[in-house]
Structures are given as C-alpha cells and as structure tokens.
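For reference, the structure discussed in these notes is given below.
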Amino acid sequence: MSVEKTTMTDAWIRGVVEAIHSAPNQAVLYLAGGASQALGWLLSVPGASNTVLEAVVPYSRMSFIQLLGKIPSQHCSQQTAEELALLAYNRGLKLSSPGYPVVGVGFTGSLASSRPKFGDHRFHLSTRTSDRLSVSTVTLSKGLRTREQEDTVSSRLLLKAIANACKVQAASVSHLTESDMSDEHETHFSEDQELEQLIDGKICFKVYPFSSETCTPTAERKIILSGSFNPLHDGHVKLLEVATSFCGNGYPCFEISAVNADKPPLSVSQIKDRIKQFEKAGKTVIISNQPYFYKKAELFPGSAFVIGADTVARLINVWILKLL
C-alpha cells in the first residue's frame with residue numbers, strides 16, 4: 001500500500017471514529033476471532049469514554065461459551081454474531097446513562113491462522129439497537145491476504161457498521177475485492193415489536209426519556225420509583241421528587257415491570273397506555289421485565305430505589321415469613 005493511500009485510510013478511520021464519539025450512542029462490543037484493530041481505533045481517539053461502555057474479547061473456547069451462556073452449534077456463524085450483539089445490547093442497557101441510545105456489537109470470525117484452514121476465511125458482524133438489527137456476512141478470497149490484512153478488512157467494516165448503527169455518515173470506502181463475497185441485511189422493529197421482545201425476555205428493558213432534565217454520560221446513578229402506576233398521580237411524582245432531593249446527584253426514573261409475579265404480563269396496549277401518562281407529565285419511565293426487587297437491582301446497578309409504605313410493609317412481611 002502506498003504512503004498516500006495509507007494516509008487517506010488513516011484519515012478515514014480517524015474521521016469515522018471522531019464522528020462516532022460525537023454521537024450520543026453508548027456501546028458494548030463482544031468480538032471473537034477478528035476485528036481487533038477496530039477496538040484499538042475506537043480507544044485511541046479522544047472521546048472513547050463517551051462511546052465505549054465495555055469491550056470483551058472472548059478468545060478461548062471456554063470464555064466464549066461462558067459469555068454466550070451455551071455451547072453454540074457453530075462458533076463462527078450469523079446466528080452467533082446476532083446472539084452476541086443482543087447480549088451486548090442488553091449489557092449496554094444496564095451500563096448506559098438514562099436516555100442515551102445503546103448499540104450492541106457482535107463479531108465472530110474465522111480468519112487466516114498459523115495453520116491452513118479447510119473452510120472459508122469469513123466473518124459475521126452484527127449491531128443491535130432498540131429498533132434495528134443489522135447483520136453482515138463476508139467471505140474473503142482465500143490466500144489473498146495475510147492474517148493482519150484480513151483483520152484490517154474486518155476492522156474497517158466493523159467500524160463502518162458501528163457508524164451506521166450510530167446514524168453517523170461514513171464515506172463509502174471499498175475494503176473488498178471483486179473476488180470477495182458480502183451479504184448484508186437489516187431488520188427494523190416497531191415499538192410494538194420492541195415491547196413484545198421485552199415481554200418475551202429477549203431485551204431486559206426499554207427507556208422512554210420524556211423528562212426535560214439532562215443526564216451526562218458520567219451520571220450513572222438512577223433514582224427509581226417502581227410501581228404499576230395505574231394511574232400515575234401527583235403522590236407518585238412528589239415522592240420521587242423528594243427522594244431525588246435527598247439522594248443528591250442522580251437521574252429520577254419511574255419503572256414499570258411488564259411481567260408480574262402473580263398475574264399475567266401486561267399487554268402491549270396496556271403498556272403503551274401507561275407510557276402515555278409519563279409522556280404527558282414529562283417524566284422518564286423505564287419498562288422492564290423483572291417484577292422482583294433483587295432482579296431490578298441487577299438491571300440497574302448502583303441505583304437507589306424509592307419505595308412507598310405499602311411496599312415496605314409487604315417486603316417486611318415476606319422477610320418475616322422466610323425467617324419463621
């Protein structure tokens with residue numbers, strides 16, 4: 001590669017990374033088998049803390065299995081990349097600041113190695129946002145590139161995919177030859193489909209940031225008032241306001257579980273009706289799929305939970321029954 005072409009490529013990479021860091025999106029990346037340079041590019045440009053919440057490289061077999069929570073039928077496949085992206089998206093929801101859009105990134109590759117491969121040199125990458133799943137499968141011409149060069153190609157394409165997920169314009173730069181093969185497709189989700197996925201347990205929660213209050217990316221603490229809010233009334237609003245004044249720095253949120261411990265789950269239409277109350281009141285509400293407080297604590301680490309007198313009495317009664 002000529003010095004001029006290298007300089008143009010470096011400028012493209014830096015420009016894309018700067019644009020990603022300027023976007024409000026916060027991301028979790030799970031990368032296995034390639035695209036390692038993309039992570040270095042993201043972290044080497046100032047502003048990475050605005051974007052990268054966590055990056056994991058499950059390189060060993062056991063690390064990969066523990067992250068995925070199962071033994072995959074095939075480590076390098078489109079399905080596995082999609083599953084990694086969904087895991088990363090749910091992890092990002094737990095780590096992100098309220099109101100900031102989350103991107104889950106999954107990558108799995110089978111690139112050139114120290115031993116000859118009988119199969120194709122290929123990789124699969126996927127990005128997941130609240131309303132979109134994007135997947136790319138690329139088969140590289142065997143023997144055309146070194147391992148480092150294949151990693152560079154996969155890293156550039158992954159970086160472009162992250163930019164697309166962040167709705168950042170990235171100039172089209174050809175990274176593939178005519179002998180390489182690429183397939184891309186995208187699935188969009190409506191709000192109803194997102195809520196159905198939440199009820200089914202595929203995504204852990206969805207945030208509706210109706211509040212006019214701003215939250216900086218470093219403000220990780222949420223102050224949460226959970227309930228059914230059927231209906232939302234002034235007492236709920238005042239309780240959260242008072243709790244927020246006591247707790248200091250934090251972002252106030254109401255939270256509704258779509259799944260109940262002893263009742264059928266709420267329907268999509270019921271959830272949307274309750275959401276409208278918060279939109280009208282200008283208050284942020286989170287719809288989760290966990291009815292139990294110990295599970296809510298896992299969903300919202302480091303948060304403060306506000307509970308009313310009835311809930312306090314119920315929790316104390318449960319603890320007393322367990323001690324008897």
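Everything numeric in this text was worked out from a predicted model, so none of it was measured.
- Considering F293, Y294, Y292 in turn, F293 is the only one that fulfils the side chain to side chain contact (heavy atoms under 4.5 Å, CB included) rule with K296.
- Salt-bridge formation is detected for the pair K295/E298: a Lys NZ or Arg NE/NH1/NH2 atom is positioned less than 4.0 Å from an Asp or Glu carboxylate oxygen.
- A distance-only check finds no donor-acceptor pair linking the side chain of N90 to the backbone of L87 [under 3.5 Å].
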So E82 and S126, side-chain hydrogen bond (donor to acceptor under 3.5 Å, both in side chains) or not? Walk me through it.
CA-CA 6 Å; E82 290 182 19; S126 178; 5.8 Å; no

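- Here the side chain of E150 pairs no donor or acceptor atom with the backbone of R147 at under 3.5 angstrom.
- P265 is not listed as a side-chain neighbour of N260, based on a closest heavy-atom distance of 4.5 Å or more.
- Shown here for I199 and L266, the closest heavy-atom pair between the two residues is CD1-O, 3.4 Å.
- Note on V105: it does not cluster hydrophobically with F189, by side-chain heavy-atom contacts below 4.5 Å among ILVMFWY residues.
- Side-chain N or O atoms of Q193 include one that pairs as donor or acceptor with a backbone N or O of S190 at under 3.5 Å.
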side-chain contact (heavy atoms from CB on, under 4.5 Å) between E194 and E196, worked out
CA-CA 5 Å; E194 289 180 61; E196 285 168 358; over 6 Å; no

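- With hydrogens and angles ignored, the 3.5 Å screen pairs no side-chain donor or acceptor of S141 with any backbone N or O of L144.
- Expressed to the nearest 0.5 Å, how far NE2 of H121 lies from NZ of K142 amounts to 5.0 Å.
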Which is it for E54 and L95 under the side-chain contact (heavy atoms from CB on, under 4.5 Å) test, yes or no, and what are the steps along the way?
CA-CA 9 Å; E54 181 176 87; L95 298 177; 4.0 Å; yes

Could you give me the CA-CA distance, side-chain angles and deciding distance for T139 and D120, then say whether side-chain hydrogen bond (donor to acceptor under 3.5 Å, both in side chains) is met?
CA-CA 7 Å; T139 303; D120 293 327; 4.8 Å; no

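- The backbone N or O of A35 lies less than 3.5 Å from a partner atom in the side chain of S154, making a donor-acceptor pair.
- A 4.5 Å side-chain heavy-atom check between V56 and L29 finds every atom pair outside the cut-off.
- S303 contributes a side-chain N or O that, together with a main-chain N or O of F300, makes up a donor-acceptor pair within less than 3.5 Å.
- Ring centroids of Y30 and F107 are separated by 6.0 Å or more, keeping the two rings apart.
- Each of V259 and I224 belongs to its own hydrophobic cluster when Ile, Leu, Val, Met, Phe, Trp and Tyr are linked at side-chain heavy-atom distances under 4.5 angstrom.
- In this structure, CG in L225 is found 9.0 Å from CD in E255, a value given to the nearest 0.5 Å.
- Looking at every heavy atom in both residues, L232 comes nearest to A281 through CD2-CB, 4.2 Å.
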Evaluation steps, side-chain contact (heavy atoms from CB on, under 4.5 Å), between W41 and V16:
CA-CA 10 Å; W41 296 335; V16 172; over 6 Å; no

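- Side-chain polar atoms of T80 and S77 form a donor-acceptor pair below 3.5 angstrom.
- Judged by distance alone, the side chain of R122 and the main-chain N or O of C76 form a donor-acceptor pair under 3.5 Å.
- Criterion: ILVMFWY side-chain heavy atoms under 4.5 Å apart, direct or through other members. Under it, I71 and M62 are part of a common hydrophobic cluster.
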Would you please test D131 and T129 for side-chain hydrogen bond (donor to acceptor under 3.5 Å, both in side chains) and show each step?
CA-CA 6 Å; D131 62 351; T129 63; 3.3 Å; yes

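- Side-chain atoms of N289 come within 3.5 Å of backbone N or O of I203 as a donor-acceptor pair.
- There is a path of hydrophobic side-chain contacts, each under 4.5 Å, that joins L111 to Y59.
- Counting heavy atoms from C-beta outward, S136 and D183 have side chains that stay 4.5 Å or more apart.
- Counting only heavy atoms from C-beta outward, the side chains of T146 and D151 never approach each other to under 4.5 Å.
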Do F64 and H75 pass the ring pair (Phe, Tyr, Trp, His ring centres under 6.0 Å) test, and can you show the C-alpha distance, the side-chain angles, and the key distance before you say yes or no?
CA-CA 8 Å; F64 194 87; H75 281 67; 4.9 Å; yes

Test Q290 against S257 for side-chain hydrogen bond (donor to acceptor under 3.5 Å, both in side chains), laying out the working first.
CA-CA 6 Å; Q290 292 296 345; S257 175; over 6 Å; no

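- Counting non-hydrogen atoms of other residues, nucleotides and ligands closer than 6.0 Å to NZ of K202 gives a total of 12 or fewer.
- By the 6.0 Å contact criterion, CD on E148 is open, its count of non-hydrogen atoms from other residues, nucleotides or ligands being 12 or less.
- Rounding to the nearest 0.5 Å places SG of C204 at 4.5 Å from CG of L93.
- Taking each heavy atom of R156 and W12 in turn, the nearest pair found is O-CH2, 3.8 Å.
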Worked check of side-chain contact (heavy atoms from CB on, under 4.5 Å) between E186 and L133:
CA-CA 6 Å; E186 197 168 76; L133 172 68; over 6 Å; no

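- Here the side chains of V135 and E184 are not in contact, with every heavy-atom distance at 4.5 Å or above.
- Taken together through direct or relayed side-chain contacts under 4.5 Å among Ile, Leu, Val, Met, Phe, Trp and Tyr, F210 and L239 form part of one hydrophobic cluster.
- The residue from V285, T284, I287 that alone fulfils the side chain to side chain contact (heavy atoms under 4.5 Å, CB included) condition with V207 is T284.
- Looking at E83 and Q79, their side chains come closer than 4.5 Å, going by heavy atoms from C-beta outward.
- A distance of 6.5 Å separates NE2 of H124 from CD of Q74, quoted to the nearest 0.5 Å.
- Between F254 and H236, the distance from one ring center to the other does not fall under 6.0 angstrom.
- Looking only at distances, no side-chain donor or acceptor of K222 sits under 3.5 Å from a matching main-chain atom of G302.
- For the pair L68 and L84, the minimum side-chain heavy-atom distance is below 4.5 Å.
- Of the inter-residue distances, the one linking L176 atom CG with L157 atom CG reads 5.0 Å to the nearest 0.5 angstrom.
- Judged by a 6.0 Å distance limit and a 45° cone about the ring axis, R274 is not positioned over the six-membered ring of F229.
- Nearest heavy-atom pair across V168 and A23 is CG2-CB, 4.0 Å.
- Within the 4.5 Å cutoff, the side chain of E191 has heavy atoms near those of the Y208 side chain.
- With values rounded to the nearest 0.5 angstrom, L42 atom CG is found 5.5 Å from I20 atom CD1.
- Smallest separation of non-hydrogen atoms from K206 and S130: NZ-CB, 4.4 Å.
- When all heavy atoms of I65 and P72 are compared, the closest pair comes out as CG1-CD, 4.4 Å.
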